[in-house]
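Here the structure is laid out as structure tokens; the discussion comes afterwards.
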Amino acid sequence: MIRVVLVDDQPLLRSGFRALLDLEDDIEVVAEAGDGVEGLALVREHLPDIAIIDIQMPVVDGIEATRRIAADPALAGVHVVILTNYGLDEYVFDALRAGAAGFLVKDIVPEDFLHAVRVAARGDALLAPSVTRRLIDRFVTQPLHTGAEVELEELTNREREAVALVAQGLSNDQIAGRMMISPMTAKTHVNRAMAKLHARDRAQLVVFAYESGLVTPRGR
């Protein structure tokens, strides 16, 4: 059972997401909140698998809520999915660095929303296509992060290869096929890279891959 906490200051939207999730046999909404402070309290109380958090909220916004969740060792198993509007994509990079596992735009179709919850629960990175384009644009224009270049030296060649493939959006099975290794070995490479880089999830591996120059966006 995938346990979810919903945090959004729009009651109608929150109710719609809850109604959709409650229809699924493998998903349970354990709590919902209308602001970041209440949401954080409920996340700490219920320890859900997924926290779906609006990026713009009163009191504590989605980025700060994500940062506090990621910084709390007791919440290491909580994957944060940020809800955003098309016009708010400039916040995507900051929220990813804060520890978000992925992003969804609010006009997502129900089938894609349900799929997204399940993907995030598996620990996979999740980015809506429109958000991904904005994220890549940010990487094209910003300078490389020198600290990330240093961290890159800590990885083995195979771990670097695995991280680069994660940044391309490949699953462990696809990485295994590309590297001609078993899925279990691919998972091991990814997990070891995450441990060395202190990455909370695959989304942060994507950030690292671009910041370090391991993967270069087209157009740079």
Side-chain angles (χ1 to χ4, degrees), residues 1-70 72 74-135 169 200-204 206:
M1 183 67 69
I2 300 171
R3 303 172 74 252
V4 176
V5 167
L6 288 171
V7 187
D8 195 301
D9 63 336
Q10 300 179 50
L12 185 60
L13 184 65
R14 196 170 68 240
S15 296
F17 282 135
R18 176 160 198 158
L20 182 63
L21 294 170
D22 282 344
L23 290 174
E24 302 301 304
D25 294 335
D26 61 333
I27 301 174
E28 176 188 10
V29 177
V30 295
E32 57 180 271
D35 65 65
V37 170
E38 182 185 6
L40 284 167
L42 291 174
V43 166
R44 293 187 177 106
E45 177 183 352
H46 294 279
L47 300 178
D49 302 294
I50 303 292
I52 300 175
I53 301 177
D54 185 14
I55 202 165
Q56 277 199 328
M57 289 184 301
V59 189
V60 171
D61 64 23
I63 295 176
E64 180 59 27
T66 299
R67 186 176 292 113
R68 294 184 190 183
I69 290 172
D72 190 340
L75 303 179
V78 179
H79 302 287
V80 177
V81 174
I82 291 289
L83 289 172
T84 181
N85 294 307
Y86 284 107
L88 299 177
D89 292 350
E90 63 267 24
Y91 298 112
V92 166
F93 182 81
D94 291 337
L96 268 180
R97 294 198 68 186
F103 289 81
L104 295 174
V105 288
K106 290 187 177 182
D107 63 351
I108 189 172
V109 298
E111 294 79 8
D112 289 345
F113 176 69
L114 293 172
H115 173 70
V117 170
R118 294 183 174 103
V119 168
R122 294 198 302 265
D124 291 337
L126 175 71
L127 295 173
S130 63
V131 174
T132 302
R133 286 194 296 272
R134 185 61 179 260
L135 180 64
R200 181 179 173 86
D201 51 36
R202 295 169 77 97
Q204 291 196 312
V206 175

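- Glu32 meets the side-chain contact (heavy atoms from CB on, under 4.5 Å) test with Leu6, Arg14, Arg18; sequence neighbours excluded.
- Here the closest non-hydrogen pair linking Ile50 and Ala121 is CD1-N, 3.4 Å.
- The salt bridge (charged side-chain N to carboxylate O under 4.0 Å, His left out) search around Glu28 returns none, not counting sequence neighbours.
- Nearest heavy atoms, Ala70 versus Ala98: CB-O, 3.2 Å.
- Looking at every heavy atom in both residues, Arg68 comes nearest to Leu40 through CD-CD1, 3.6 Å.
- A heavy-atom distance below 4.5 Å is not found between the side chains of Ile2 and Glu24.
- Listed by first and then second residue, the ring pair (Phe, Tyr, Trp, His ring centres under 6.0 Å) pairs that reach into residues 9-59 are Phe17-Phe113, sequence neighbours excluded.
- No side-chain heavy atom of Val7 sits less than 4.5 Å from a side-chain heavy atom of Asp54.
- Of the inter-residue distances, the one linking Ile108 atom CD1 with Thr84 atom OG1 reads 12.0 Å to the nearest 0.5 angstrom.
- Listed by first then second residue, pairs satisfying salt bridge (Lys or Arg N to Asp or Glu O under 4.0 Å) with a partner in residues 35-48 read Arg44-Asp72, not counting sequence neighbours.
- Few gaps surround CG on Leu23; more than 12 heavy atoms of other groups in view lie less than 6.0 Å from it.
- Rounded to the nearest 0.5 angstrom, Thr66 OG1 and Ile82 CD1 are separated by 3.5 Å.
- Residues satisfying the side chain to side chain donor-acceptor pair (under 3.5 Å) test with Arg3, not counting sequence neighbours, are none.
- The side-chain heavy atoms of Leu47 and Leu75, taken from C-beta on, include a pair separated by under 4.5 Å.
- In summary, of the residues considered (Val81, Asp112, Ile52), a side chain to side chain contact (heavy atoms under 4.5 Å, CB included) with Val117 occurs for Ile52 alone.
- With rounding to the nearest 0.5 angstrom, the CG atom of Asp107 is 10.5 Å from the CG atom of Leu13.
- Taken to the nearest 0.5 Å, the CG atom of Leu20 stands 8.0 Å off from the CD1 atom of Ile27.
- The shortest side-chain heavy-atom distance between Asp61 and Ile55 does not fall under the 4.5 Å cut-off.
- Among residues two or more places apart in sequence or in another chain, the salt bridge (charged side-chain N to carboxylate O under 4.0 Å, His left out) test is passed with Asp25 by none.
- Across every non-hydrogen atom of His79 and Ala101, the tightest pair is CB-CB, 4.2 Å.
- Here the closest non-hydrogen pair linking Pro48 and Val5 is CG-CG2, 3.6 Å.
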